[in-house]
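Quick note: numbers below take in every heavy atom, side chains included, and nothing from hydrogens, waters or symmetry partners.
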Amino acid sequence: MPHYQKYTTTVVGAHSVPRWYEALDRLVTLGQLAPGDFTDAQFRATQAAILEQEVAGIDVITGGEMHRRTHNRHSPPNAMLNYFWQKIPAFQGDTRPKPISKHDPNVFHPASVCRGAITDTVDLGLVEEFNSVSSFARKPVKVTMTGPHLLAVVAYDEYYHDIGRMMTDLGKLIHHNLKRLAAAGCKHIQIDEPYFTVADDKEVQTAVDVINMAIEGLPDDVHVLVHICQGNYAVGADYDGQIGHRYFDTGRYKADLVCQIECDAYLIEHDMSRHYEGLLGNKQLGVGAVDVQAPNIETGEQVANRIRAYRWLAPEQTIITSSCGFNHLPRHIVLGKLRAMTEAKAILGGSSE
């Protein structure tokens with residue numbers, strides 16, 4: 001089981017989504033720009049996301065997931081779900097609105113419909129993403145992948161009529177893609193699952209078993225992380241100016257089941273850290289001490305204090321991260337939060353290497 005150095009910094013995945021994504025999306029729809037023009041804009045936004053993480057001193061970076069969306073509606077799930085559903089033949093076709101939160105019946109997601117068997121040979125684009133980001137990055141690159149539970153539970157199922165079977169086939173597909181990703185040289189792989197709190201224990205136990213199958217057999221030098229959160233959703237007329245909300249926090253927080261995932265580290269919201277006391281074993285915990293659902297920029301000392309609050313967590317087991325993706329926040333706020341993570345690392349005594 002590979003370990004990061006104490007207080008290693010990494011992001012969860014998404015970088016700040018420019019407000020002009022929405023305008024470009026409309027222009028493509030109107031035929032005034034070609035889809036290739038938007039692809040070029042996404043590429044340039046990815047370069048900016050890489051640069052800003054590196055300038056801020058983040059140790060393990062991503063491409064910001066900038067190429068996975070064309071707007072910030074229903075975000076971040078549109079980049080976590082629709083981007084991948086569209087690549088899988090069983091899910092291709094029109095979407096239908098699906099309520100996703102007990103907090104508000106008007107909160108919905110444009111869900112794909114599973115109409116056939118999910119094959120395990122589909123290319124989900126992870127290798128291409130890794131190669132593209134790595135060609136510009138000077139820091140180690142992490143690639144994120146939506147977990148089988150979220151991909152299954154938010155979709156409409158008109159084929160399996162059994163979420164366990166559907167997750168299993170998704171797990172086989174993810175396994176195929178993660179093996180290819182590792183073979184391409186990626187040493188940092190992350191699975192994202194934000195819907196565990198809402199689901200019942202039996203469903204989450206099945207998801208845990210499927211995730212273990214999906215990550216089984218990866219090389220020993222690959223860091224496998226799992227991000228668990230309770231949502232970062234924003235909807236409404238001014239969604240792209242809103243802060244995200246935890247719409248998926250109704251239910252039991254299942255750290256006991258999460259810790260059955262045979263990965264190397266869990267990345268979580270900092271105020272959920274207490275649930276992991278006594279459960280980690282020799283795994284690491286990414287404390288999301290930078291709050292993406294707060295519009296202010298934390299100081300390095302504030303971030304450090306959030307980590308210090310968990311005295312039971314050994315420095316050698318501690319990773320510094322954000323509570324979720326940064327997509328809803330303005331770029332200058334994100335850059336400030338990234339710098340606060342690096343400052344917290346220095347305050348806490350983490351290595352600069």
Side-chain angles (χ1 to χ4, degrees), residues 11-53 55 61-89 91-98 100 106-113 123-126 128-133 135-137 143-144 146 151 154-155 192 231-245 292 295 324-335 338:
V11 296
V12 163
H15 198 63
S16 172
V17 176
R19 291 178 68 91
W20 44 259
Y21 260 42
E22 179 71 17
L24 292 185
D25 188 42
R26 288 196 296 267
L27 291 173
V28 171
T29 301
L30 292 170
Q32 296 176 11
L33 285 177
D37 296 321
F38 205 123
T39 300
D40 180 65
Q42 291 170 317
F43 181 74
R44 293 167 191 259
T46 298
Q47 291 176 307
I50 294 167
L51 177 63
E52 291 182 350
Q53 290 172 77
V55 165
I61 69 166
T62 71
E65 302 175 0
M66 308 306 291
H67 68 296
R68 298 185 183 182
R69 52 166 61 84
T70 57
H71 52 68
N72 212 18
R73 295 189 293 270
H74 308 286
S75 286
N78 64 347
M80 297 176 66
L81 293 170
N82 300 78
Y83 172 78
F84 291 114
W85 282 333
Q86 290 164 5
K87 293 178 178 294
I88 304 171
F91 290 98
Q92 290 172 357
D94 293 337
T95 62
R96 299 206 301 259
K98 185 169 186 177
I100 57 173
N106 296 314
V107 175
F108 69 94
H109 190 80
S112 287
V113 182
D123 181 4
L124 296 177
L126 303 183
E128 181 182 1
E129 177 179 344
F130 172 69
N131 289 335
S132 177
V133 176
S135 68
F136 291 96
V143 174
T144 63
T146 308
L151 284 168
V154 181
D192 296 324
N232 183 29
Y233 214 79
V235 296
D238 298 316
Y239 61 86
D240 60 343
Q242 289 181 355
I243 205 72
H245 303 282
V292 303
C324 199
F326 286 120
N327 53 288
H328 293 303
L329 293 170
R331 186 199 62 78
H332 70 284
I333 299 293
V334 172
L335 184 57
L338 292 172

Close side-chain approach of Ile333 to Pro295, heavy-atom, < 4.5 Å: no
Gap separating the [atom1] atom of [X] from the [atom2] atom of [Y], nearest 0.5 angstrom:
| X | Y | atom1 | atom2 | answer |
| --- | --- | --- | --- | --- |
| Gln86 | Leu124 | CD | CG | 12.0 Å |
| Phe38 | Thr29 | CZ | OG1 | 9.5 Å |
| Glu128 | His67 | CD | NE2 | 7.5 Å |
| Asp37 | Leu24 | CG | CG | 8.5 Å |
| Gln42 | Met66 | CD | CE | 8.5 Å |
| Thr39 | Arg44 | OG1 | CZ | 12.0 Å |

I'd like to know if the side chain of [X] reaches the main chain of [Y], judged simply by a donor and an acceptor atom lying under 3.5 Å from each other, with no hydrogens or angles considered.
| X | Y | value |
| --- | --- | --- |
| Gln47 | Phe136 | no |
| Thr70 | Asp25 | no |
| Asn78 | Arg69 | no |
| Ser135 | Ser132 | yes |

Which pair of non-hydrogen atoms, one from [X] and one from [Y], has the smallest distance, and what is that distance?
| X | Y | value |
| --- | --- | --- |
| Ser16 | Val334 | CB-CG2, 3.7 Å |
| Ser112 | Thr95 | OG-CG2, 3.9 Å |
| Val154 | Lys98 | O-CD, 3.0 Å |
| Ala155 | Ala111 | CA-CB, 4.3 Å |
| Ala79 | Phe84 | O-CE1, 4.2 Å |
| Phe130 | Val143 | CB-CG2, 3.8 Å |

Partner residues of [X] under the side-chain hydrogen bond (donor to acceptor under 3.5 Å, both in side chains) criterion, sequence neighbours left out:
| X | answer |
| --- | --- |
| Asn131 | none |
| Thr144 | Glu65, Arg68 |
| Glu52 | His15, Arg331 |

Test log, rule side chain to side chain contact (heavy atoms under 4.5 Å, CB included), inputs Ile61 and Ile50: CA-CA 7 Å; Ile61 69 166; Ile50 294 167; 3.8 Å; yes
Residues Lys87, Phe91; criterion side chain to side chain contact (heavy atoms under 4.5 Å, CB included); working and verdict: CA-CA 8 Å; Lys87 293 178 178 294; Phe91 290 98; over 6 Å; no
Audit row: Gln53, Leu338, side chain to side chain contact (heavy atoms under 4.5 Å, CB included) steps and yes/no: CA-CA 7 Å; Gln53 290 172 77; Leu338 292 172; 4.2 Å; yes
